[in-house]
Amino acid sequence: QWIITKDIAIPKKYNKIFNKQVVSNIDKITKPDIKAYKLICKKLNTNPKNVIFVDDNKNNIKKANELGMIGIRYINNTQLKKEFRKIGII
């Protein structure tokens with residue numbers, strides 16, 4: 001079994017952008033388990049409606065949307081920027 005540390009999973013250069021993370025092997029929870037999404041909200045101290053959830057797995061996006069999050073399926077950077085523009089965050 002492989003253990004991946006947070007520093008490997010999320011490079012330090014992204015900590016300024018993504019200051020709260022859920023890392024499955026550290027937090028001992030995986031998507032699409034509803035507990036993972038609730039943990040995201042808890043770490044952000046917010047409601048699901050205030051969360052923009054980006055993932056490459058359509059099942060994970062579906063679960064995020066069911067909980068009231070804004071779910072965006074990641075395909076590539078160009079597409080993600082377009083999605084961010086649609087919702088007005090860039």
Side-chain angles (χ1 to χ4, degrees):
Q1 182 177 5
W2 291 88
I3 302 297
I4 298 175
T5 66
K6 183 177 175 181
D7 291 336
I8 293 171
I10 303 168
K12 289 182 183 183
K13 67 181 181 180
Y14 296 118
N15 285 341
K16 289 181 182 178
I17 301 169
F18 303 104
N19 60 358
K20 305 288 183 197
Q21 304 98 13
V22 175
V23 181
S24 59
N25 72 309
I26 294 169
D27 294 306
K28 306 295 184 214
I29 197 161
T30 59
K31 304 167 290 192
D33 186 332
I34 194 166
K35 292 176 189 173
Y37 302 90
K38 290 182 178 182
L39 181 58
I40 291 167
C41 292
K42 182 178 178 181
K43 285 189 174 194
L44 292 171
N45 193 31
T46 193
N47 295 318
K49 68 180 182 176
N50 297 321
V51 174
I52 299 168
F53 180 84
V54 179
D55 198 287
D56 63 344
N57 183 304
K58 64 182 177 182
N59 293 323
N60 295 339
I61 296 300
K62 181 180 176 188
K63 181 63 76 173
N65 288 335
E66 288 173 5
L67 294 169
M69 295 178 177
I70 298 170
I72 299 174
R73 185 168 181 207
Y74 177 84
I75 298 169
N76 60 51
N77 290 342
T78 302
Q79 167 265 337
L80 184 60
K81 286 179 184 178
K82 286 179 184 177
E83 295 294 333
F84 282 170
R85 283 188 191 99
K86 281 183 191 176
I87 60 174
I89 62 170
I90 62 169

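Keep in mind that this is a model prediction, so the values were computed, not measured. Excluded from the calculations below are hydrogen atoms, water molecules and symmetry mates; all remaining heavy atoms, backbone and side chain alike, are included.
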Can you give the donor-acceptor pairs under 3.5 Å from side chains of residues 29-42 to other protein atoms, not counting sequence neighbours?
unit_1, atom_1, unit_2, atom_2, d
Lys31, NZ, Asp55, OD2, 2.6
Asp33, OD1, Lys35, N, 2.9
Tyr37, OH, Asn60, O, 3.0

Donor-acceptor contacts, no H, no angles, side chain residues 78-85, under 3.5 Å, sequence neighbours left out:
unit_1, atom_1, unit_2, atom_2, d
Gln79, OE1, Ile75, N, 2.8
Gln79, OE1, Asn76, N, 3.4
Gln79, NE2, Arg73, O, 2.8

> Who passes side chain to side chain donor-acceptor pair (under 3.5 Å) against Asp27, sequence neighbours left out?
Replying inline: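 Checked Asp27 against side chain to side chain donor-acceptor pair (under 3.5 Å); matches are Lys43.
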
>> Run the salt bridge (charged side-chain N to carboxylate O under 4.0 Å, His left out) test against Lys62 and tell me which residues pass, sequence neighbours left out.
In response: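 Expected list: none.
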
> With sequence neighbours excluded, what pairs up with Asn47 under the side chain to side chain contact (heavy atoms under 4.5 Å, CB included) test?
Replying inline: Lys49, Asn50

>> Taking Ile90 as the starting point, is it possible to reach Ile72 by hopping between hydrophobic residues whose side chains are less than 4.5 Å apart?
In response: yes

> Out of curiosity, does Ile61 fall in the hydrophobic cluster containing Met69 (side-chain heavy atoms, cut-off under 4.5 Å, transitive links)?
Replying inline: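 In one cluster: yes.
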
>> With a 4.5 Å cut-off on side-chain heavy atoms, are Val51 and Leu67 touching?
In response: no

